[in-house]
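By convention in this document, chain letters (A, B, ...) are assigned in the order of the sequence lines, proteins followed by strands, and residues within each chain are numbered from 1.
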2 protein chains.
Amino acid sequence: MELSDRQKIILTLVVHEYIRTASPVGSKNLVEQYQLDMSSATVRNELGLLTEMGYLRQPHTSAGRVPTEEGYRYFVERLLRRTELPDSTQFMISHQFYQTRPDVDEWMKLAASILASQSHAASLITPPHSDKTRFKHVELVATRGQQILMVLVLLGGEIRQRFVTLDESFNQEKLSTTADHIRTFVQGMTADEILSRQNQTQGLEKTALGWIMDELHSVSSTTGEVFLDGLTNVMAEPEFSGNDDARRALRVLEERSLLQEVLERTAANSSIGGVQVIIGGEGTWEELRPFSMVLGRYGKPGLATGSLGVLGPLRMSYGRTISTVRFLSGLLSSLLMDTMVE
Amino acid sequence: MELSDRQKIILTLVVHEYIRTASPVGSKNLVEQYQLDMSSATVRNELGLLTEMGYLRQPHTSAGRVPTEEGYRYFVERLLRRTELPDSTQFMISHQFYQTRPDVDEWMKLAASILASQSHAASLITPPHSDKTRFKHVELVATRGQQILMVLVLLGGEIRQRFVTLDESFNQEKLSTTADHIRTFVQGMTADEILSRQNQTQGLEKTALGWIMDELHSVSSTTGEVFLDGLTNVMAEPEFSGNDDARRALRVLEERSLLQEVLERTAANSSIGGVQVIIGGEGTWEELRPFSMVLGRYGKPGLATGSLGVLGPLRMSYGRTISTVRFLSGLLSSLLMDTMVE
DNA sequence: TTTAGCACTCTAAAGGCGAGAGTGCTAAAC
DNA sequence: GTTTAGCACTCTCGCCTTTAGAGTGCTAAA
């Protein structure tokens, strides 16, 4: 099923042109637009072949050709050559990051916003998250009554807070001492390791260890909130002009659980710096059929990693989007490296 | 400009019917639908009067009537009688809150989701936030190198984290001691009060106080992230069926700064438990012209308060929405009361 | 193998038409 | 004086037809 050079060129051009204009592209138009040195009839023959092979399709007889999912896939995997973002753009982006205050949330918001504007699509990003969560630091703060605020810092820098109620009330001093002791006692441990040690303790300390294990468990089972940006971009695309399509698009983005699933599933296969492209849901996610996603990961493997990516129409500008995602994932990783709690 | 009783009834019915059907309501229809004991001609006369007074308008000659912004306003302020949510609904909602783990973020998400589904519109909510930010607790955590993680707890329970870089590196023990001392030294103070005391300190402690004041300032100038839910609801309304309208609606919701401005401006005038209704942007916000908002506040005044509300089409179901907002703001306030750091 | 020519197909935009809903006005009825 | 029946008029909306245009596939010649 190898394509001839000419077929590759034509497929590339069809994809380009369709991405540009969003309307089916015909043979004559193609020849004129790109000044090909062959006639429209020749192109027509090739188009017919490519259609037979399943890379193109016609919305109806006597309409131009539109890439199929397979067409996009072939294009992305075989025809798209790797490009880097222009230096000026890279610089512009980096600059913005170094101007904000060093805060993971800020960075995420900024990354989402940049990604959305660069790709003209919706962007998404999850906070850095570790799958093997280890204890780093705990703090117990007396509030009023029997309420205690527990602040938990994990290896990797994630922070969790939680309110707990006790039967008796403790003063801040007692709480601080307990926290101090816990810190050295279970430094760097996982929930399981802490469990095996819990019996050596008693009273408040034992209770607190229980909360900590709870939190550690709950952290490893959740994948932080998905940040979104650029929702309007995807609505602006003509294929989502109908009210119903538009709503469906929005629904996908609002339905965080689907996104989380896709991100998690994809996370398994992708390494930091590697970019994955999911075209039309890849047969697995029905709701994603009219969309493509470009996903990357950032962070430090084993310590804490997050995903970032773009959701747009099938006819998104893959080259530009892929290089943007790759660049941003690298940038975020290095920014994060400096603030990792080890 | 006082309306007769009959005019009030008719205006109410027009608003009701238009909210229900989303299409202009005519005299005949009105009489049949509500079995009024007058003829359509009489109703027609009253409609003409109401139109002259500016409470109704006709999309074109020979179409039914549609409420104007003034019409909605009159309806909400004078004709809508205060109702409470049915007991069963109240119970159902409370139940959901007590089932989640006690975490402000969780509550906010839940509140947004309930509000969206109850009102069939988009909901928004901001985290509890204090305008006079006071220090409650600080923690300094050694990471690697010269990076330090500072976790700051404010009176009211807000938590801020931040990474800072130092010229020299300190061990955890030194950091803990410093944090301990700071805690007692500036307990409950505002940024200004801390400033007047900073000169009594030196070294790491002085530096840390600087960071803390920075954070306190930055907290009081920001209003936390606006949570959103139910975006698809507003898209489902027929008045936003056109692609362009839909995008504009979405843009309003994505443009957080506008929302923040509205929320802040409104916060000034509204007390806990009071609900404000903003119809058509009230002449101030052009982008909000096609929308209505129902806003409430929750929390404990002076300590920490947040806003919650709904953004929907002008023809939203005001009665139901208002009572939902009122109920949720009360519920959130009491939930929060238990976890307030004082 | 490529190209010119041609008959054919299908969409999308534009125009025309009729049904239906609603209005305002007038004159009669209460 | 208020209410109502009757009526002519207006305007939209959905439906149909028509038409222009773009694109195709096929055939036969270069």
A.B. asks: Ignoring hydrogens and geometry beyond distance, is the side chain of Ser62(A) in donor-acceptor contact with the base of dT9(C) at under 3.5 Å?
C.D. replies: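 Answer yes: a donor N or O sits under 3.5 Å from an acceptor.
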A.B. asks: Is there side-chain contact between Pro67(A) and Val14(A), with heavy atoms separated by less than 4.5 Å?
C.D. replies: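 The answer is yes, as the side chains (C-beta and beyond) meet within the 4.5 Å cut-off.
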A.B. asks: Figure out the CG/P separation between Leu56(B) and dG22(C), and round it to whole Å.
C.D. replies: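 My rounded result for the distance is 15 Å.
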A.B. asks: Could you tell me how far apart Gln58(A) (CD) and dC8(C) (P) are, to the nearest whole angstrom?
C.D. replies: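 Whole-Å distance recorded here is 19 Å.
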A.B. asks: Is the count of non-hydrogen atoms from other residues, nucleotides or ligands lying under 6.0 Å from Lys28(A) atom NZ greater than 12?
C.D. replies: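 It does not: Lys28(A) NZ has 12 such atoms or fewer within range.
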A.B. asks: In whole angstroms, how far is the C1' atom of dT4(D) from the NZ atom of Lys28(B)?
C.D. replies: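 Value for this atom pair: 15 Å.
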A.B. asks: dG25(D), dC11(D), dT4(D): which one has an atom nearest the side-chain heavy atoms of Arg65(A)?
C.D. replies: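 Of all the options, the side chain of Arg65(A) is nearest to dG25(D).
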A.B. asks: Return the value, rounded to whole Å, for the distance between atom CG of Leu47(B) and atom P of dT3(D).
C.D. replies: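 The distance from CG of Leu47(B) to P of dT3(D) comes to 14 Å, rounded to the nearest Å.
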A.B. asks: What integer distance in Å separates Leu30(A):CG from dT24(D):C1'?
C.D. replies: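 Rounded to whole Å, this separation is 15 Å.
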A.B. asks: Checking the side chain of Glu254(B) only, and the main-chain atoms of Gly230(A) only, is there a donor and an acceptor separated by less than 3.5 Å?
C.D. replies: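 Looks like yes, one N/O pair under 3.5 Å.
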A.B. asks: Just say parallel, tilted or perpendicular for the rings of Phe75(A) and His16(A), cut-offs at 30° and 60°.
C.D. replies: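 Correct class here is perpendicular.
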A.B. asks: Just how far, in rounded Å, is C1' of dT1(C) from CD of Glu46(A)?
C.D. replies: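 After rounding, the reported distance stands at 11 Å.
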A.B. asks: Taking pairing as Watson-Crick or G-U wobble with both contacts under 3.5 Å, can you name the mate of dC11(D), or confirm there isn't one?
C.D. replies: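 Across all strands, the one nucleotide that pairs with dC11(D) is dG20(C).
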A.B. asks: It should be established whether Thr42(A) places a side-chain nitrogen or oxygen under 4.0 Å from OP1 or OP2 of nucleotide dT3(C).
C.D. replies: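 Indeed, a polar side-chain atom of Thr42(A) lies that close.
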A.B. asks: If the cut-off is 4.0 Å, is Arg44(A) near the phosphate of dT2(C), judged by side-chain N/O to OP1 or OP2?
C.D. replies: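 Arg44(A) to dT2(C) OP1/OP2: no side-chain N or O under 4.0 Å.
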A.B. asks: Taking the minimum atom-to-atom distance to the side chain of Met38(A), which one of dT4(D), dT3(C), dT10(D) wins?
C.D. replies: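 Of dT4(D), dT3(C), dT10(D), dT3(C) is nearest to the side chain of Met38(A).
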A.B. asks: Using a cut-off of 4.0 Å on non-hydrogen atoms, how would the nucleic acid contact of Ser27(B) be classed: base, sugar-phosphate, or nothing?
C.D. replies: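 Sugar-phosphate, no base atom in range.
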A.B. asks: Here's a test of your reading of the structure: between Gly64(B) and Ala41(B), which maps to the more 5' nucleotide of DNA chain C?
C.D. replies: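 Its nearest nucleotide lies further toward 5', so the answer is Gly64(B).
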A.B. asks: Separation of Glu52(B) atom CD from dT23(C) atom C1', in whole Å?
C.D. replies: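 It is 15 Å, rounded to the nearest whole Å.
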A.B. asks: Indicate, yes or no, whether a donor-acceptor pair under 3.5 Å links the base of dT3(C) to the side chain of Ser39(A).
C.D. replies: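 No pair found.
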A.B. asks: Take the protein atom CG of Leu49(A) and the nucleotide atom C1' of dT24(D), then report the distance between them rounded to whole Å.
C.D. replies: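 Going from CG in Leu49(A) over to C1' in dT24(D) covers 15 Å.
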A.B. asks: What nucleotide, of dG23(D), dC11(D), dT3(C), holds the atom closest to the side chain of Asn45(A)?
C.D. replies: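 My answer, after comparing the listed nucleotides, is dT3(C).
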A.B. asks: Which one is paired to dC26(D), where only Watson-Crick or G-U wobble pairs with both distances under 3.5 angstrom count?
C.D. replies: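 Its partner is dG5(C) (Watson-Crick or G-U wobble, both distances under 3.5 Å).
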A.B. asks: Got a donor-acceptor contact below 3.5 angstrom from the Thr126(A) side chain to the Val226(A) backbone?
C.D. replies: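 Here the side-chain-to-backbone pair does not exist.
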